[in-house]
Amino acid sequence: MAKFEGYKDIYVFVEQKNGEIANVGYELISEARKLVASIPHMNFEVVGVLLGEGIADKAQDVIAHGADKVIVVDHPLLKGYSTQFYADALTQVIETYKPDSLLTGATVLGRDLAPRVAARLNAGLTADATKIEMDPEKEDEALLLVTRPTFGGNLFGTIICPDTRPQMATIRPNVFSMDAPDPTRKGEVVMFEPKFQSTQPQVVVKEVIEKVVEGVDITKADILVAAGRGAEDCLDLVKAVAEELGGELAVSRAVVDDGYAEKDIQVGQTGKTVRPSLYIACGISGACQHVAGMEKSDMIIAINRDPQAEIFSIANMGFVGDVKEVLPLLKEEIIKAKAN
Ligand SMILES: Cc1cc2nc3c(=O)[nH]c(=O)nc-3n(C[C@H](O)[C@H](O)[C@H](O)COP(=O)(O)OP(=O)(O)OC[C@H]3O[C@@H](n4cnc5c(N)ncnc54)[C@H](O)[C@@H]3O)c2cc1C
């Protein structure tokens with residue numbers, strides 16, 4: 001008899017807000033597809049779990065992005081996020097269908113929901129994972145090797161949950177890439193009716209004040225020009241280069257700690273994870289906590305006056321020099337190239 005009789009498939013919690021699905025759900029579905037493909041003999045499927053109110057019509061989008069099946073829990077109590085009702089509903093879905101693993105975005109919502117559900121199920125949860133693989137020696141158990149930064153990001157630890165199911169993990173947005181959707185893809189949609197422990201909310205939200213975000217979300221920018229401590233006294237120049245390229249300004253944590261920029265645009269382990277097509281790192285040393293947030297950029301260009309700076313080891317191209325000398329030249333060349 002198999003060790004975990006009845007447990008099957010990789011489930012992905014597909015987060016939505018006001019009917020808009022967060023990309024991280026699609027990124028996790030794309031990664032889950034690779035994981036199931038690595039254990040074809042297990043016949044695992046990728047299953048999306050969609051919670052909310054009036055969201056059933058989104059199930060086809062989830063299928064188009066790679067899910068074989070979508071479990072929809074459509075209920076008025078799930079209109080907005082509530083730890084109580086979402087945890088109730090997701091726990092019941094898991095108890096009913098017995099997924100072998102469940103992946104959730106390490107978003108504000110996911111970081112609240114996943115540990116609550118894991119505690120109720122007595123399941124193991126690895127938070128803030130950066131890599132997920134099937135253990136090649138335990139393929140018949142579909143054992144996941146889940147890697148995450150540890151000791152302040154100086155080391156990576158690989159965590160396994162060999163004794164409980166589902167194996168749970170939260171993964172930050174932008175860690176995995178998202179496959180292009182296929183609108184013709186077919187899949188099964190299952191409507192699930194939850195039974196809430198109580199319909200009385202334990203917490204009543206009196207007012208929601210939306211955070212006013214100035215500028216754009218750097219996780220969505222295709223080009224980022226990032227300033228580190230070596231460029232914090234010439235942020236206007238870094239920003240001007242970003243604007244010439246049609247990109248956005250980002251910063252290292254040192255710049256935020258020194259009071260030159262807001263945390264909203266910080267890249268790295270305690271900031272945002274980004275994967276633009278171009279990342280220009282200006283006066284950034286390349287500490288592992290920064291690199292963890294940008295190493296998956298398609299093209300990395302580094303400008304640093306120290307030829308030994310760590311950032312050069314991950315850069316596709318580098319300029320050794322003072323940012324205040326290199327950036328004006330770069331800006332001039334960009335303007336010339338645009339004029340031609
Ligand atoms: C738990 C934890 C979490 C962290 N999370 C993050 C995170 O999310 N993001 C993050 O960025 N960091 C994070 N850090 C901090 C990280 O360890 C580094 O301290 C930080 O990334 C350094 O920022 P920096 O490279 O801008 O500054 P520095 O390390 O001070 O490097 C400045 C660089 O600029 C170069 N330079 C100086 N002047 C010039 C000039 N005029 N022209 C060209 N080059 C110049 C220098 O040679 C140097 O390489 C974290 C640390 C810990 C412990």
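Residue indices begin at 1 and follow the sequence shown. Just the heavy atoms: all of them, side chains too, but no hydrogens, waters or symmetry mates, feed the values below. Both ligands and their constituent atoms are indexed starting at 1 by order of listing.
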Closest protein heavy atom to [atom], given as residue, atom name and distance to 0.1 Å:
{"atom": "atom 12 (N) of ligand 1", "value": "Arg253 CB, 3.3 Å"}
{"atom": "atom 7 (C) of ligand 1", "value": "Gln266 NE2, 3.1 Å"}
{"atom": "atom 53 (C) of ligand 1", "value": "Gln289 NE2, 3.8 Å"}
{"atom": "atom 44 (N) of ligand 1", "value": "Arg305 N, 3.1 Å"}
{"atom": "atom 42 (N) of ligand 1", "value": "Val323 N, 2.9 Å"}
{"atom": "atom 6 (C) of ligand 1", "value": "Thr270 OG1, 3.3 Å"}
{"atom": "atom 40 (C) of ligand 1", "value": "Gly230 O, 3.5 Å"}
{"atom": "atom 27 (O) of ligand 1", "value": "Arg229 CB, 3.5 Å"}

Heavy atoms from other residues, nucleotides or ligands near [atom1] of [X] exceed 12 (cutoff 6.0 Å):
{"X": "Met191", "atom1": "CE", "answer": "yes"}
{"X": "Lys239", "atom1": "NZ", "answer": "no"}
{"X": "Lys296", "atom1": "NZ", "answer": "yes"}
{"X": "Glu310", "atom1": "CD", "answer": "no"}
{"X": "Lys195", "atom1": "NZ", "answer": "no"}

* **Salt bridge Asp68-Arg33, side-chain N to carboxylate O under 4.0 Å** => yes
* Between Lys138 and Glu141, is there a side-chain N and carboxylate O pair less than 4.0 Å apart? ->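 Between Glu141 and Lys138 there is no salt bridge, as every charged N stays at least 4.0 Å from the carboxylate O atoms.
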Near [X], which atoms of ligand 1 are under 4.0 Å from a heavy atom of that residue?
{"X": "Gly268", "answer": "7 (C), 8 (O), 9 (N)"}
{"X": "Asp306", "answer": "47 (O)"}
{"X": "Gln269", "answer": "7 (C), 8 (O)"}
{"X": "Gly228", "answer": "26 (O)"}
{"X": "Ser252", "answer": "11 (O), 23 (O), 24 (P), 26 (O)"}
{"X": "Ala287", "answer": "16 (C), 17 (O), 18 (C), 21 (O)"}
{"X": "Gly271", "answer": "8 (O)"}
{"X": "Val267", "answer": "7 (C), 8 (O), 9 (N), 10 (C), 11 (O)"}

* Asked: How about Val225 and Leu245: do any of their side-chain heavy atoms sit closer than 4.5 Å?
  -> yes
* Asked: With a 4.0 Å cut-off on heavy atoms, is Cys288 touching ligand 1?
  ->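 Checking ligand 1 against Cys288, which is what was asked, there is no heavy-atom contact under 4.0 Å.
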* Asked: Relative to ligand 1, is Ser285 under 4.0 angstrom through side chain, backbone, both or neither, heavy atoms considered?
  -> both
* To do: Determine, for Phe4 and Arg165, whether the Lys NZ or Arg CZ falls below 6.0 Å from the six-membered ring centre while staying within 45 degrees of the axis.
  =>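 Yes, a cation-pi geometry.
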* Trace of the side chain to side chain donor-acceptor pair (under 3.5 Å) decision for Asp140 with His41 -> CA-CA 8 Å; Asp140 288 340; His41 60 288; 3.0 Å; yes
* **With sequence neighbours excluded, residues passing ring pair (Phe, Tyr, Trp, His ring centres under 6.0 Å) with Tyr81** =>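 Once residues adjacent in sequence are excluded, the partners of Tyr81 under the ring pair (Phe, Tyr, Trp, His ring centres under 6.0 Å) criterion are Tyr86.
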* atom 48 (C) of ligand 1: which of Ile311, Asp322, Asn304 has the nearest heavy atom? ->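 Selected option, by shortest heavy-atom distance: Asn304.
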* To do: From the options Gly283, Gly321, Gly286, select the one whose nearest heavy atom is closest to atom 34 (O) of ligand 1.
  => Gly283
* Do the two ring centres, one from His75 and one from Phe196, sit under 6.0 Å apart? -> yes
